A.B. asks: 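Could you have a look at this structure, given as structure tokens, before my questions?
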Amino acid sequence: QRCRPQRTKLPALLDAARVDESFAAARRNGSFFEIEYRIVRPDGSVRDLYSVAQPFFDAQGKLLKYVGATLDTTERKRADEELAKTHAQLATLLAQAPVGIAYFDRDLRFLMINDRLAEINGLDVAAHLGKTIEEIVPSLAPAARAIARNILATGEPVRDHEFSGETRQQ
């Protein structure tokens with residue numbers, strides 16, 4: 001009995017025309033090829049791919065071949081979308097909070113600050129970013145540093161703590 005090789009169904013390109021057009025242009029120009037596109041696997045799942053290819057030429061400058069790689073970027077894209085969604089939710093929370101909220105780095109430099117806290121401090125949001133607490137509200141720096149050290153040492157958040165101080169004269 002004759003053995004027939006099993007045929008496997010290949011993924012379908014969702015963006016086939018765009019991929020073909022892009023690669024044809026790269027071949028015509030002898031240029032680097034780079035593209036993101038989608039495929040549909042035989043099981044019906046859609047995957048996002050990223051392909052790159054470097055052209056190689058002979059001594060006369062004739063294009064010999066492309067050598068490249070394709071990466072499945074589906075999970076990264078999903079993570080990016082989730083991060084964007086979380087960032088939008090955080091921005092909404094910051095914008096609508098009736099209290100002052102700020103995020104700091106380990107040196108107590110403002111990374112994010114909501115409009116309410118900027119207003120309380122008497123400066124706009126942009127004036128805070130990248131600046132330390134000492135630069136913005138010097139009278140609060142010792143207490144803020146003590147709390148920050150405790151948070152960094154224990155990992156425990158501090159809730160319901162009120163600060164009171166004065167901003168520098170501008």
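Bear in mind the structure is a predicted one, so any value in this text is a computation, not a measurement. Heads up: numbering here begins at 1 and tracks the sequence.
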A.B. asks: Please work out whether the ring planes of Phe104 and Phe110 are parallel, tilted or perpendicular, with thresholds of 30° and 60°.
C.D. replies: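 Tilted: the ring planes of Phe104 and Phe110 meet at 30° to 60°.
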A.B. asks: Hey, what do you get for CG (Asn121) to CG (Leu140), rounding to the nearest 0.5 Å?
C.D. replies: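 Output value for this atom pair is 7.5 Å.
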A.B. asks: Minimum heavy-atom separation for Gly100 and Leu117, please, with both atom names.
C.D. replies: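 Closest approach of Gly100 to Leu117: CA-CB, 3.5 Å.
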A.B. asks: Do the side chains of Asp72 and Arg41 get close enough for a salt bridge, i.e. N-O under 4.0 angstrom?
C.D. replies: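 Result for this pair is yes, salt bridge flagged.
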A.B. asks: Looking at Arg109, is its backbone amide N or carbonyl O close enough to the side chain of Asp107 to form a donor-acceptor pair, meaning the two atoms are under 3.5 Å apart?
C.D. replies: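 Looks like no, no N/O pair under 3.5 Å.
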A.B. asks: Judged by modelled atom types alone, do Ser51 and Tyr37 share a side-chain donor-acceptor pair under 3.5 Å?
C.D. replies: yes
A.B. asks: So, using side-chain contact (heavy atoms from CB on, under 4.5 Å) as the criterion, who are the partners of Phe56 when residues are at least two apart?
C.D. replies: Gln54, Lys65, Val67
A.B. asks: When rounded to the nearest 0.5 angstrom, what is the spacing between CD1 in Ile136 and CD1 in Ile113?
C.D. replies: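 Output value for this atom pair is 7.5 Å.
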A.B. asks: With rounding to the nearest 0.5 angstrom, report the CE to CG distance, Met112 to Asp105.
C.D. replies: 13.5 Å
A.B. asks: For the side chain of Thr132 and the backbone of Glu135, is there at least one donor-acceptor N/O pair under 3.5 Å apart?
C.D. replies: yes
A.B. asks: Less than 4.5 Å apart, side chain to side chain, heavy atoms only: is that true for Leu94 and Leu90?
C.D. replies: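 Yes, side chains in contact.
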A.B. asks: Tell me, please, which residues at least two apart from Glu75 pass salt bridge (Lys or Arg N to Asp or Glu O under 4.0 Å).
C.D. replies: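 Partners of Glu75 under the salt bridge (Lys or Arg N to Asp or Glu O under 4.0 Å) test: Arg47, Arg78.
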A.B. asks: For Arg18, is there any backbone N or O sitting under 3.5 Å from a side-chain donor or acceptor partner on Ser22?
C.D. replies: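 Side chain of Ser22 to backbone of Arg18, a donor-acceptor pair under 3.5 Å: no, none is there.
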A.B. asks: Quick one: closest heavy-atom pair of Tyr66 and Ala26, and the distance?
C.D. replies: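 So the minimum-distance heavy-atom pair works out to OH-O, 2.9 Å.
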